[in-house]
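One structure is given below, encoded as structure tokens.
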Amino acid sequence: MTVTDPGASALHADAVRTLTRWRPADQAQKQLRQDYLDHLAEQPEGLFRSCLPAHITASAAVVDPAAGRVLLTLHPKVGRWLQMGGHCEPGDRDLASAALREAVEESGIPDLTLLSADGLPAPAKLDRHQVRCTGKDRPENTHLDVQYIALAPAGAQELISEESLDLRWFDYDRLPELTDHSVRDLVARARQLTS
């Protein structure tokens with residue numbers, strides 16, 4: 001993917017637009033947004049895994065608000081329960097569609113919708129974390145994750161993909177031990193925004 005690719009340029013422009021119009025919940029999120037915008041200003045290909053040592057990723061917490069539950073995947077590389085998500089791909093038209101694509105692929109639930117603000121899908125929060133997303137012999141790099149909330153229809157049934165070791169619904173108040181603070185914060189934010 002090169003910067004001369006119209007799809008890459010459109011995705012880059014969307015990421016800048018999305019982050020610029022997004023309203024962070026606190027000062028820490030505001031600073032992360034600025035860091036992401038600085039990254040995009042310096043890196044025309046900053047949304048793709050080829051951009052090292054950091055790149056933008058998109059994810060979504062799949063929630064069933066009626067049942068007060070969240071669907072998490074046991075990630076094979078990380079060994080923790082996480083929200084659905086991953087790398088932006090050349091066919092993604094915007095960050096929201098990248099997050100939704102990942103959520104549908106990893107959850108097996110085709111009729112998810114992203115939570116919106118002012119009529120547009122809006123991020124719930126941002127999270128920066130270190131991960132090794134290439135081979136074991138490669139150094140870790142930084143994911144600048146843009147996190148959304150994906151709404152599942154009441155009673156939705158998941159279907160595990162080859163990208164997961166396990167896939168399960170958890171009550172908001174009973175998240176598994178192998179979740180980190182980022183996932184717990186995202187679930188808390190989802191609960192707040194959907195109640």
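These numbers were taken from a predicted model, which means no experiment stands behind them. Worth knowing before you read on, the calculation uses all heavy atoms, side chains too, and leaves out hydrogens, waters and symmetry mates. All residue numbers refer to positions in the sequence shown, counting from 1.
- The structure places CG of L126 at 5.5 Å from CG of L32, a figure rounded to the nearest 0.5 Å.
- Atoms NZ and CG, from K125 and L193 in turn, are 11.5 Å apart once rounded to the nearest 0.5 Å.
- Between H75 and R80, every side-chain heavy-atom pair lies at or beyond the 4.5 Å cut-off.
- Side-chain contact check for F48 versus I56: every heavy-atom pair is 4.5 Å or farther apart.
- Taking all atoms of both residues into account, the shortest heavy-atom contact from Y148 to A99 is CD1-CB, 3.5 Å.
- By the 4.5 Å heavy-atom criterion applied to side chains, R23 and D118 are counted as neighbours.
- Few gaps surround CZ on R21; more than 12 heavy atoms of other groups in view lie less than 6.0 Å from it.
- You'll find the side chain of L47 reaches within 4.5 Å of the side chain of L40, heavy atoms only.
- Of all heavy-atom pairs spanning L175 and R184, the tightest one is CB-NH1, 3.6 Å.
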Verdict with supporting geometry, L95 and D14, side chain to side chain contact (heavy atoms under 4.5 Å, CB included): CA-CA 7 Å; L95 277 177; D14 171 76; 3.9 Å; yes

Evaluate the side-chain hydrogen bond (donor to acceptor under 3.5 Å, both in side chains) criterion for residues E158 and S107: first the C-alpha distance (whole Å), next the side-chain angles of each, then the deciding distance (0.1 Å), finally the verdict. CA-CA 5 Å; E158 74 282 7; S107 72; over 6 Å; no

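- Counted by atom type alone, D145 and T57 present one or more donor-acceptor pairs between their side chains at under 3.5 Å.
- Checking side-chain atoms of W22 against main-chain N and O of P123 turns up a donor-acceptor pair under 3.5 Å.
- The aromatic rings of H143 and H87 sit perpendicular to each other, their planes meeting at more than 60°, with 30° as the lower class boundary.
- Side-chain contact between Q31 and P24: absent, with no pair of heavy atoms (C-beta onward) separated by less than 4.5 Å.
- The backbone N or O of L144 lies less than 3.5 Å from no partner atom in the side chain of R128, so there is not a single donor-acceptor pair.
- Put simply, the side chain of D64 gets close to the backbone of G155: a donor and an acceptor are under 3.5 Å apart.
- Counting heavy atoms from C-beta outward, W169 and V62 have side chains that approach closer than 4.5 Å.
- The two residues A156 and A152 have their closest heavy-atom pair at CB-CB, 4.0 Å.
- I109 is listed as a side-chain neighbour of L71, based on a closest heavy-atom distance under 4.5 Å.
- Residues L72 and P176 come closest through the heavy atom pair CD1-CD, 4.0 Å.
- Pairing each heavy atom of S59 with each of M84, the nearest pair is CB-O, 3.0 Å.
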As a quick check of understanding, evaluate side chain to side chain contact (heavy atoms under 4.5 Å, CB included) for E177 and W81, giving each step before the final call. CA-CA 9 Å; E177 200 172 300; W81 291 96; over 6 Å; no

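- No donor-acceptor pair under 3.5 Å is formed between the side chain of S164 and the backbone N or O of I160.
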Residues D38, R33; criterion salt bridge (charged side-chain N to carboxylate O under 4.0 Å, His left out); working and verdict: CA-CA 9 Å; D38 290 347; R33 177 181 67 178; over 6 Å; no

Taking it one step at a time, do I149 and V63 satisfy side chain to side chain contact (heavy atoms under 4.5 Å, CB included)? CA-CA 7 Å; I149 308 300; V63 298; 3.7 Å; yes

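- A distance of 11.5 Å separates CZ in R101 from CZ in R93, rounded to the nearest 0.5 Å.
- Under the 3.5 Å distance criterion, the side-chain polar atoms of H12 are left unmatched by any main-chain donor or acceptor of A8.
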Go through the steps to decide whether D173 and R191 satisfy the test salt bridge (charged side-chain N to carboxylate O under 4.0 Å, His left out), and finish with yes or no. CA-CA 10 Å; D173 294 323; R191 187 176 193 173; 2.6 Å; yes

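- Under a 3.5 Å cut-off, the side chain of D171 and the backbone N or O of R174 do not form any donor-acceptor pair.
- The side-chain heavy atoms of L37 and T20, taken from C-beta on, include a pair separated by under 4.5 Å.
- The distance from atom CD of Q192 to atom OH of Y172, rounded to the nearest 0.5 Å, is 12.0 Å.
- Atom CD of Q147 and atom OG of S182 lie 4.5 Å apart (nearest 0.5 Å).
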CA sep, side-chain torsions, deciding dist, call: E163, T73, side chain to side chain contact (heavy atoms under 4.5 Å, CB included): CA-CA 9 Å; E163 296 182 45; T73 178; over 6 Å; no

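- A donor atom on one side chain and an acceptor atom on the other are found under 3.5 Å apart for D94 and S97.
- The cluster map of Ile, Leu, Val, Met, Phe, Trp and Tyr, joined by side-chain heavy atoms under 4.5 Å apart, puts L120 and L11 in different clusters.
- Considering every non-hydrogen atom in both E105 and S161, the closest pair reads O-CB, 3.6 Å.
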